[in-house]
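Order of listing sets the numbers, starting from 1, for every ligand and every atom in it. Treat the numbers as computed from the prediction; the structure is a model and nothing was measured. All values below were derived from every heavy atom in this structure, side-chain atoms included, with hydrogens, water molecules and symmetry-related copies excluded.
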Amino acid sequence: MVAGLPRHVACVMDGNGRWAEQRGRTRTEGHRVAEGSVIDVIETSHACGIEWLTLYAFSTENWTRPDAEVAFLMRLVQRALRRHAPSLHLRGIRCRFLGGDDPRIPRSLARDIAELAELTSGNTRMTLTVAFDHGGRDAIVRAARTLVRDGLTEDAVTEEALAARFQHPDTPDVDLVIRTSGEQRVSNFMLWQIAYAEWMFPPTLWPDFRAAEYRACLEEYRRRKRRYGGLGRFDAMEMI
Ligand code: IPE
Ligand code: IPE
Ligand code: MG
């Protein structure tokens with residue numbers, strides 16, 4: 001792995017609908033072409049030695065879209081899972097989903113999701129998390145509920161205790177979030193885990209966001225200086 005690369009990258013894959021509309025095509029066509037960008041980002045992350053990659057594929061708010069678009073997205077995800085499962089496994093990628101227990105998720109898709117997670121659970125090269133039916137607030141509420149269920153006393157409620165109760169508690173905080181399409185907002189994405197993430201907002205629409213541009217984002221990340229509320233190593237040295 002190249003020094004200074006992010007350990008955990010997340011992508012808010014935005015702009016599929018606009019990509020299609022700009023070409024006079026239906027929004028679903030944008031989602032279909034988006035699969036190529038997903039493959040590029042997974043392959044590039046794998047090649048660069050990124051350990052954790054999270055892709056925001058469907059939010060808890062996306063259920064409010066027209067039924068036909070939602071149904072198309074469900075089918076697309078299922079087809080992609082079936083098509084790519086063998087190569088993901090072969091590459092040593094552990095795959096899992098974040099969110100995803102809404103009864104509107106088709107049963108056979110839920111089964112495929114569980115099977116892929118099971119098949120790849122022992123892989124160690126990279127963890128690919130697909131945030132699907134994910135909402136950051138929903139995730140925090142669920143974690144808080146388990147604190148109550150576990151009967152913690154007030155003093156025992158700490159950041160660590162809450163973090164340990166998220167769906168995949170071994171997931172490290174996100175280092176870099178890339179949101180394509182120029183929209184500069186969080187849209188309820190992993191609210192707890194992005195506390196100190198670096199953000200990039202390339203104007204490119206997701207279906208056009210391919211390997212070269214992704215690599216450029218990783219390079220930019222290496223040039224950034226993170227401070228976590230402190231002074232940073234060099235500033236601190238100057239004070240002495
Ligand atoms: C992102 O593209 C994909 C999902 C949210 C499922 P959009 O569908 O949000 O595309 P725009 O933002 O309307 O262009
Ligand atoms: C965020 O994009 C969700 C995903 C990329 C899956 P949206 O397109 O749903 O977000 P808003 O509505 O523009 O905030
Ligand atoms: Mg959008």
Give me the one residue out of Met13, His134, Arg179 that meets side chain to side chain contact (heavy atoms under 4.5 Å, CB included) with Tyr56. His134
Report the relative orientation of the aromatic rings in Tyr196 and Tyr228; use parallel for angles under 30°, tilted for 30 to 60°, perpendicular for over 60°. tilted
Contact residues of ligand 2 with a heavy-atom cut-off of under 4.0 Å? Val12, Met13, Asp14, Tyr56, Ala57, Phe58, Asn62, Arg65, Arg179, Arg185, Ser187
Dump the intermediate steps for salt bridge (charged side-chain N to carboxylate O under 4.0 Å, His left out) on Glu29 and Arg32, then the final yes or no. CA-CA 5 Å; Glu29 183 68 8; Arg32 207 181 55 72; 2.8 Å; yes
Under 3.5 Å, is there a donor-acceptor pair between the side chain of Ser45 and the main chain of Ile50? no
If a pair satisfies ring pair (Phe, Tyr, Trp, His ring centres under 6.0 Å) and one of its residues is in residues 135-166, list it, with sequence neighbours excluded. Phe166-Trp192
Salt bridge present between Asp175 and Arg7 (N-O < 4.0 angstrom): no
Does an N or O from Arg27, backbone or side chain, lie closer than 3.5 Å to an N or O of ligand 1? yes
Leu109 to Gln78 - nearest heavy-atom pair and separation: N-NE2, 3.4 Å
Qualifying residues under ring pair (Phe, Tyr, Trp, His ring centres under 6.0 Å), relative to Phe58, sequence neighbours excluded: Trp63, Phe132
What protein N/O/S atoms are found closer than 2.8 Å to the Mg ion (ligand 3)? Asp14 OD1
Which ligand 1 atoms are under 4.0 Å away from a heavy-atom of His31? 3 (C), 8 (O)
When you group the ILVMFWY residues by side-chain heavy-atom contacts below 4.5 Å and let the links chain together, are Met190 and Leu162 in the same group? yes
With hydrophobic residues grouped by side-chain heavy-atom distances under 4.5 Å, do Leu73 and Leu81 end up in a single group? yes
